[in-house]
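Notes to accompany the following structure.
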Amino acid sequence: MKKTILIILISLYSAAAAFALDGNEILKKVDRNLNPESFEMYRKLINIEPNGLKKEFLMYSVKKGKEKIASVFLSPASEKGRSTLRVGENMWLYIPNVGKPIRITSLQSVTGGVFNNADIMRVDYSSEYNCEKIETSDDGYVLHLKAKTSSVAYDIVKMFVDVKRLLPNKIACYASSGMLIKNLYFKNIKDFGDGIVRPAVIETDSPLYKDYKSIIIFAKIKKRKLSDEIFTLNYMPKVESLRQ
Amino acid sequence: MIHALRYVFLIVIFIPVLLPVCGSAQEEDSDSFDTEVTDFDIPEVDKKPYSFSAELEVSENIKGYDNDSLLFYQKFPDGTDKDTFFQTDFNLKAEGDYTYDIVKLYTRLNGTLYYNEDEHWETDFKAEEAYVSFQQSPAFSLDIGKKVFKWGKGYAWNPTAFFSRPKNLEDPDATLEGFYAVSSDMIKSMDGPLKTIAFTPVIMPVSDHLNDDWESETDVIFGGKIYFFTCDTDIDFMFLYGSEVPDRFGLDFSKNIFPNFEIHGEAAIVKDYVKYITDRQGNLTEKKYNAISYLFGIRYLSSMDTTTIFEYYRNGKGYTSDEFEDYFSLIETGYSQYHNSGQMNVLMKSRLHGKYYNRQTAMKDYLYLKVSQKEPFDILYFTPSVTAIYNINDKSGSIASQITYTPITNLEFDLKATFLLGSKYTEYGEKVNDYNITASVKYYF
């Protein structure tokens, strides 16, 4: 009898533990595993057309906290010196010829292709989304995320998380109507050093851009202390000077 | 023969712009791909102390003369034997920098070699910017030299750009030539509702040899811009003070009221602004007043990737319709006098006064509309746009259609046709040209 009660108690505890899985806590851990609080990185963006033609962009980026990211294009020559800044839901683009920052939106794309500005200027998922439901499976967790505000690029996001590493394998992005906008595939787990182990490649495809594909490849992700003044309009023309 | 060659040149530039329309159908037949690109060999990551980049542009410009317009009479009182004006431009814009520790040297040079039948081969060269920058920390920098200060949030007009040359309304994104000045950036970021405050002071010496575009013989002009970022809104306050130039004060703002809908505005006052007004006889009088200019605008991105920019501009320095009619009447009188008696004095007077009246946006109230569609009909890297400028006061204006195509990285084709519309005695109706076609190819390296 005692043994039966013990089994029931253990079962109840396990069920409670599973129920108590906090999706938002998992989301925060995923954010931290994807990148440190304050860091710099290089990214190569590749847009691939159905006929195989490619356009490549090289960017240097710095990110601080949950919602500040600044980037500058290093190549191609036609884009060199363009910088982007995101502070929360505010996004700006600085074009050297134009000589002053202009406001842009998360739905636009400074590079063209399947990635939009929200993908390129990605801030922490936990700053934009609440986890409304969590499912567990043999492959890991499925986090059902809902945008905190209407200004977020994708209203609903389904994040498939590797339970062991707490890193996303795939993210499906939906409009509020439920229409699938794009899939993001996280590939090639790589040790960048200093405890940063994360996917080095993100691929994306979209039913809206049939047969087109875009890829982001990450390199030299390094923890770095960054001043808040870097993430301001006045500093946008000078982002490249942060490179060491 | 030369004209025929120019048209051939225009068509050669134009063909690549048309190609994507023909090529899109072929792309649809392409097989799906399974390309895996995971190599990340980027030698560019290693930073060098110097950098260099340039853009080379070749363009052909055709302007159609409006042989019955008053500004045509003013410029060509004897008429011309041709209906069109052709010009071929070879433009090279190069920029480079060298960094050592906290010191950075930067320059941007702009040189044009052009040919037209009136001037034949001519060159135009200028250093648009050349300055040394001391970047002590992200919060403080000091710049000394020739620099552009593009203040204001407007796209087509910037009444608060106190330290800037006027934009070219036909190409508001074009680079400008700066002024020699000492300036600084002091930035402070904070937590709380006021997230950023930044101060940009500017000191600009003026003499016969330095910054001589300013209508002042010897002066030191002080100015500054204070920027606030609060409540998801950009706000700037500007001022300019000089002992020999009118004081100026201004403010601007920009905010996204929806993710895809931005609003912006500017307002500026130029104290004791002097406007030069001619009567029908060419007598010039001065009118001194506080000129208030302002601008409101929106930028909207639709779900179809259509970007709309719309602005209303009130030019406090501008002329009224009556004042402009007097100027046109002066030209008409001068032209008649020249043809009746051979005397040029009245026409010459009108030419002298033209430096005030023949400027762009010379009247009071204007509207600007630009609609551009990114990659329509699935034609990648292809952007058509339409731009309209409307003078509310005399109901004249211009309409331009443009197509830009960048099929290959760093190579850009551009074709633009502008038509000026307006009746007699209107700003756009009386301009020298009634259409303008430009075809260009630009290579970045």
Side-chain angles (χ1 to χ4, degrees), chain A residues 42 44 46 48-52 54-56 58 60 74-78 80-81 87-90 95-103 105-108 112 150-153 187-188 200-201 211-213 215 217-220 226-235 238 240-244, chain B residues 26-28 30-33 35 37-38 40 42 44-45 47 53-55 95 99 104 135 137-139 141 148 150-152 155 173-176 185 187-190 195-196 198 200 227 229 232 234 254-256 258-260 262 264 299 301 303 305 374-375 380-381 406 409-410 412 444-445:
Chain A
Y42 288 87
K44 188 180 268 188
I46 307 168
I48 307 168
E49 296 174 34
N51 58 13
K54 292 179 198 165
K55 274 206 166 184
E56 296 189 357
L58 180 64
Y60 169 77
L74 305 177
S75 70
S78 57
K80 192 176 181 305
V87 179
E89 291 164 3
N90 301 276
I95 301 171
N97 276 7
V98 177
K100 62 181 178 182
I102 54 165
R103 280 181 170 258
T105 79
S106 57
L107 301 167
Q108 286 174 283
S150 60
S151 62
V152 177
K187 296 181 172 180
N188 295 27
V201 175
D211 297 332
Y212 290 91
K213 187 167 160 181
I215 298 172
I217 306 170
F218 294 77
K220 292 198 173 180
L226 297 160
S227 157
D228 284 326
E229 281 74 22
I230 289 165
F231 304 93
T232 59
L233 297 197
N234 292 56
Y235 198 78
K238 305 164 194 163
E240 196 178 343
S241 68
L242 292 169
R243 293 176 64 207
Q244 293 171 328
Chain B
Q26 294 169 356
E27 288 175 5
E28 284 173 16
S30 300
D31 290 330
S32 180
F33 54 84
T35 318
V37 188
T38 53
F40 192 13
I42 43 172
E44 310 97 292
V45 163
K47 193 186 176 189
S53 61
E55 57 184 75
E95 65 179 333
T99 306
K104 179 181 175 180
Q135 181 77 51
S137 73
S141 66
V148 174
K150 281 196 173 174
W151 293 355
Y155 178 74
D173 289 339
T175 58
L176 297 177
D185 257 337
I187 313 168
K188 178 69 184 162
S189 287
M190 293 157 281
K195 289 191 176 351
T196 306
T200 307
Y227 164 73
F229 177 48
D232 293 330
D234 301 314
S254 172
K255 182 181 177 63
N256 277 74
F258 300 109
N260 59 344
E262 180 259 6
H264 57 263
R299 188 186 290 254
L301 175 73
S303 57
D305 254 345
K374 188 184 159 205
E375 299 173 352
L380 277 187
Y381 315 122
T406 52
T409 301
N410 295 329
E412 181 179 297
Y444 300 87
F445 58 99

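Treat the numbers as computed from the prediction; the structure is a model and nothing was measured. A note on names: the letters A, B, ... follow the listed sequences, proteins ahead of strands, and every chain is numbered from 1.
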Practice task
Below 4.5 Å from any heavy atom of chain A, which atoms of B/T406 appear? Answer side chain, backbone, both or neither.
Solution key: both
Handout entry: A/S151 to A/S106 - nearest heavy-atom pair and separation
Key = O-OG, 3.7 Å
Practice task
Kindly indicate, with the supporting measurements, whether the criterion side chain to side chain contact (heavy atoms under 4.5 Å, CB included) is fulfilled by B/S141 and A/K238.
Solution key: CA-CA 10 Å; B/S141 66; A/K238 305 164 194 163; 3.0 Å; yes
Problem - Selection from A/L233, A/V152, A/I95 maximising heavy-atom pairs under 4.5 Å formed with chain B - result: A/L233
Exercise for the section: Tell me, for B/K255 versus chain A, whether the close heavy atoms (under 4.5 Å) come from the side chain, the backbone, both or neither. Expected result: backbone
Exercise for the section: List the atom of B/Y227, the atom of A/N234, and the distance in Å for their closest heavy-atom pair. Expected result: CD2-OD1, 3.8 Å
Completion exercise
Okay, A/I102 and chain B: the region with an atom under 4.5 Å from a heavy atom over there is side chain
Fill in the blank from the handout: Ranked by heavy-atom pairs below 4.5 Å to chain A, first place among B/E55, B/K188, B/E95, B/E262 goes to B/K188
Exercise for the section: Check each atom of B/D173 against the heavy atoms of chain A and say whether the ones under 4.5 Å are side chain, backbone, both or neither. Expected result: both
Handout entry: Structural part of B/Y381 lying under 4.5 Å from a heavy atom of chain A
Key = side chain
Handout entry: Proximal component of B/F445, with respect to chain A [non-hydrogen, under 4.5 Å]
Key = backbone
Practice task
Find the one option among B/V148, B/N260, B/D305, B/N256 whose heavy-atom pairs under 4.5 Å with chain A are most numerous.
Solution key: B/N256
Exercise for the section: Could you tell me which non-hydrogen atom of B/Y155 sits nearest to which non-hydrogen atom of B/R299, and how far apart they are? Expected result: CD1-NH2, 3.9 Å
Handout entry: chain B contact via A/Q108 - which portion, at a heavy-atom distance below 4.5 Å
Key = both
Problem - OG1-CZ distance between A/T232 and B/F229, expressed to the nearest 0.5 angstrom - result: 10.5 Å
Completion exercise
If one checks every heavy atom of A/N90 against chain B at 4.5 Å, the contacting part turns out to be side chain
Problem - Interatomic spacing from CD1 in A/I48 to NZ in A/K54 - rounded to 0.5 Å - result: 6.0 Å
Handout entry: Any donor-acceptor N or O pair under 3.5 Å, side chains B/T175, A/N97
Key = no
Exercise for the section: Counting only heavy atoms closer than 4.5 Å, note whether B/A54 contacts chain A via side chain, backbone, both or neither. Expected result: neither
Exercise for the section: Name the region of B/T99, side chain, backbone, both or neither, that has any atom closer than 4.5 Å to a heavy atom of chain A. Expected result: neither
Handout entry: Among B/P138, B/S137, B/A139, residue most engaged with chain A (heavy-atom pairs, under 4.5 Å)
Key = B/P138
Problem - Rounded distance [0.5 Å steps], OG in B/S53 versus NZ in A/K80 - result: 5.5 Å
Handout entry: Pairwise distance CD1(A/I217) to NZ(A/K187) - rounded to 0.5 angstrom
Key = 11.5 Å
Exercise for the section: Would you mind checking which part of B/I187 comes under 4.5 Å of any heavy atom in chain A, side chain (CB onward), backbone (N, CA, C, O), both or neither? Expected result: both
Fill in the blank from the handout: All heavy atoms of A/D228 vs all of B/S189, minimum pair found to be O-OG, 3.3 Å
